[in-house]
Enquirer: 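One structure coming up, written as structure tokens, with questions to follow.
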Amino acid sequence: MERLQKVIAEAGIASRRKAEELIVQGQVKVNGKVVTELGTKVSDKDEVMVNNKPIVKESKEYYLLNKPRGVVTTTNDDKNRKTVIDYINTDARIYPVGRLDYDTTGAILLTNDGEFANIITHPKSEIDKVYVAKLNGIIKGEQINKLKDGIELDGVKVKPSRVKLKKVNQENNTSTVEIIIHEGKNHQVKRMFEAVGILVDKLKRERIGIFNLEGLQSGEYRKLTPKEVAIIYSLKK
């Protein structure tokens with residue numbers, strides 16, 4: 001017997017957190033009856049339906065994509081913009097793990113394994129998300145210190161695990177900073193810099209934990225190895 005939200009996540013329908021939302025919203029049925037209790041457990045003999053469609057267990061797939069600029073991090077887009085899914089050659093119902101803004105480039109993971117996605121995105125896993133930001137202006141020492149002390153976003157104080165000035169261009173009045181975070185709030189890095197009075201011109205995520213962009217040009221992807229997946233599962237808490 002397994003928890004209903006885990007079964008839905010492992011079927012590749014959504015992450016476990018999103019599966020919990022679907023249950024609470026009454027969009028999940030077990031053996032023909034709507035279930036809204038998160039503690040519900042089901043077996044392989046139970047029929048589980050999400051939005052009146054029976055779930056089918058798929059083999060797990062895992063990908064790392066070097067996301068180009070101007071691509072949305074979603075499974076589909078009502079404005080017909082290109083999505084990260086369009087770059088992956090698979091018939092599996094994969095979805096992006098976390099998000100990158102439309103104009104942000106770099107590392108994004110995609111999978112149909114909800115448990116894997118949950119480990120990657122949950123702050124308690126303490127997986128580094130490494131960004132390089134090109135800033136509109138020369139960032140000052142006191143601004144970097146404010147970032148290190150933590151910035152309040154949505155009523156929660158978020159603190160980077162590292163902030164490092166990489167480059168200053170006096171002629172163009174720009175600076176480049178590496179920042180490492182563990183959370184994944186909406187527009188988090190840009191909002192953190194805005195909170196200390198400086199805007200981000202370009203943003204790239206260069207690494208997610210053990211996954212870097214080595215060998216991947218913009219728009220290219222690769223499958224994760226079984227060893228890499230096992231390493232992520234070893235971080236489960």
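In this chain, residues are counted from 1 in sequence order.
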Enquirer: Asp103 pairs by salt bridge (charged side-chain N to carboxylate O under 4.0 Å, His left out) with which of Lys190, Lys204, Lys202, Lys67?
Expert: Lys190
Enquirer: Salt-bridged, Arg69 to Asp101, with N to O below 4.0 Å?
Expert: no
Enquirer: Just verifying a value: how many Å separate Ile55 CD1 and Ile8 CD1, rounded to the nearest 0.5 Å?
Expert: 6.0 Å
Enquirer: Salt bridge check, Asp86 against Lys82: does any charged N sit closer than 4.0 Å to a carboxylate O?
Expert: no
Enquirer: Would a 4.5 Å heavy-atom cut-off, applied to side chains only, mark Lys41 and Glu2 as touching?
Expert: no
Enquirer: Do the side chain of Arg205 and the main chain of Arg207 share a donor and acceptor less than 3.5 angstrom apart?
Expert: no
Enquirer: Report the C-alpha distance between Tyr87 and Tyr221 in whole Å, list the side-chain angles of each, state the deciding distance to 0.1 Å, and finish with yes or no for ring-ring contact (aromatic ring centres under 6.0 Å, His included).
Expert: CA-CA 8 Å; Tyr87 286 86; Tyr221 71 93; 8.6 Å; no
Enquirer: Would you indicate whether Lys185, at its atom NZ, is surrounded by more than 12 heavy atoms from other residues, nucleotides or ligands within a distance under 6.0 Å?
Expert: yes
Enquirer: Could you work out, with ring pair (Phe, Tyr, Trp, His ring centres under 6.0 Å) as the rule, every residue matching Phe116, not counting sequence neighbours?
Expert: Tyr62
Enquirer: Taking NZ, NE, NH1 and NH2 as the nitrogens, is one of them in Lys129 or Glu183 under 4.0 Å from a carboxylate oxygen of the other?
Expert: no
Enquirer: Could you tell me whether the side chain of Asn172 and the main chain of Thr174 form a donor-acceptor pair under 3.5 Å?
Expert: no
Enquirer: Within the distance-only criterion (no hydrogens, no angle test), does the side chain of Ser15 pair as donor or acceptor with the backbone N or O of Asn118 below 3.5 angstrom?
Expert: no
Enquirer: When you measure from the side chain of Asn169 to the backbone N and O of Glu171, does any donor-acceptor pair fall under 3.5 Å?
Expert: yes
Enquirer: Please enumerate all residues that pass side chain to side chain contact (heavy atoms under 4.5 Å, CB included) together with Lys124, with sequence neighbours excluded.
Expert: His122, Lys237
Enquirer: Return yes if some donor-acceptor pair links the side-chain N/O of Ser125 with the main-chain N/O of Ile119 below 3.5 Å, else return no.
Expert: yes
Enquirer: Donor-acceptor check, side chain of Asn66 to backbone of Leu216, threshold 3.5 angstrom: yes or no?
Expert: yes
Enquirer: Is there a donor-acceptor pair under 3.5 Å between the side chain of Asp46 and the backbone N or O of Ser43?
Expert: yes
Enquirer: Is a donor on one side and an acceptor on the other found under 3.5 Å between the side chain of Asp113 and the backbone of Lys60?
Expert: no
Enquirer: Can we say Lys223 and Glu61 salt-bridge, meaning some charged N sits less than 4.0 Å from an Asp/Glu carboxylate O?
Expert: no
Enquirer: May I ask you to decide whether Glu21 forms a salt bridge with Lys18, counting only side-chain N to carboxylate O separations under 4.0 Å?
Expert: yes
Enquirer: Do any N or O atoms from the side chain of Ser175 and from the backbone of Gly137 form a donor-acceptor pair under 3.5 angstrom?
Expert: yes
Enquirer: Tell me whether Gln5 contacts the main-chain N or O of Leu38 through its side chain, where contact means a donor paired with an acceptor under 3.5 Å.
Expert: yes
